[in-house]
Amino acid sequence: MHTARILNVPFSTKSFHETVSDLAERVMSGEGTHVVTANPEIVMLAQNNQRFQSILDQAYVVPDGIGIVYAAKWLRLPIKDRVTGIELVEAMMERADQHGWKVYLFGASPEVNQLAAEKLANRYPGAAIVGRRDGFFRQEESAEIAQNIAKHKPDLLLVALGAPKQEEWIAAYRDLLQVPLMIGVGGSLDVIAGKVKRAPVLWQRLHLEWLYRLMKQPSRWKRQLAIPRFVWKVLREKRGQRLQSPS
Ligand code: UDP
């Protein structure tokens, strides 16, 4: 797979549609793929965390968040468009609907998990939701949860535990799970359940979705401090690039 590194995180250079087709092929071929939709927060988490960096090195990392797309432009990397968690979930569920894939939903509150399962079952009747469980559990229960998921043999596993918990969980259990496609989907089940609204389309177009989320959930500000730190680091890397190749 072609990748472009941003602050050493290997991003897929595929467009949204290419990504969906590639992932669908991986489901058909049974290849075990772990998708991480990475935004600047994720990239910054990997900077001083070797363990998390190696999880990303073994994953299929897609550019989530406009910050990644801008950074790619500044660094002249061939990353075309955003691949957000919610859009990826919807596109993969469409494929699941067409091909009759088995889907397992793991994560979010019990209420959201159930509501999301109902909505997805209604919207994508061809897909089989073979199992689900909420995302609030004790560490000691993890292996049993993974075994239970494996027993259901899903083609697609959506894990909504928030980042980086979901990435760490998938990496820890991917061998046991043996699921062709595992995606960390953050708050996507909350959006599907109708509990959290995405920013209005105009805000999305103006690339201000992050500001909308911050206003709705001010407690995110600490996490979002990663964004200016990310921009600063990317600009420094760009300066380094220029010094290396004065063209
Ligand atoms: N969550 C969970 N278990 C936990 C912590 C969080 O299932 O121990 C769920 C939470 O209910 C929500 C999602 O994980 O559905 C995290 O959403 P958020 O928007 O914070 O995702 P992020 O921005 O981290 O991708």
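Each ligand, and each atom within it, is numbered from 1 in the order the structure gives.
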*Every residue of the protein that comes under 4.0 Å of ligand 1, judged on heavy atoms*: Gly107, Ala108, Ser109, Gly135, Phe136, Ala160, Leu161, Gly162, Ala163, Lys165, Gly186, Gly187, Asp190, Arg213, Arg220, Arg223
*Heavy-atom count around Glu140 CD within 6.0 Å, excluding the residue itself: above 12?*
yes
*Could you list the residues that satisfy side-chain hydrogen bond (donor to acceptor under 3.5 Å, both in side chains) with Glu111, not counting sequence neighbours?*
Lys195
*asked:* To the closest 0.5 Å, what do you measure between CG (Leu157) and OH (Tyr104)?
replied: 8.5 Å
*asked:* So that I can tick it off, tell me whether Glu87 and Arg82 are bridged by a salt bridge, with the cut-off set at under 4.0 angstrom between side-chain N and carboxylate O.
replied: no
*Kindly write out the residues that satisfy side chain to side chain contact (heavy atoms under 4.5 Å, CB included) with Ser54, not counting sequence neighbours, or none if the list is empty.*
Gln58
*Which residue pairs pass the side-chain hydrogen bond (donor to acceptor under 3.5 Å, both in side chains) test with at least one member in residues 121-136, sequence neighbours excluded?*
Glu90-Arg123, Asn113-Arg132
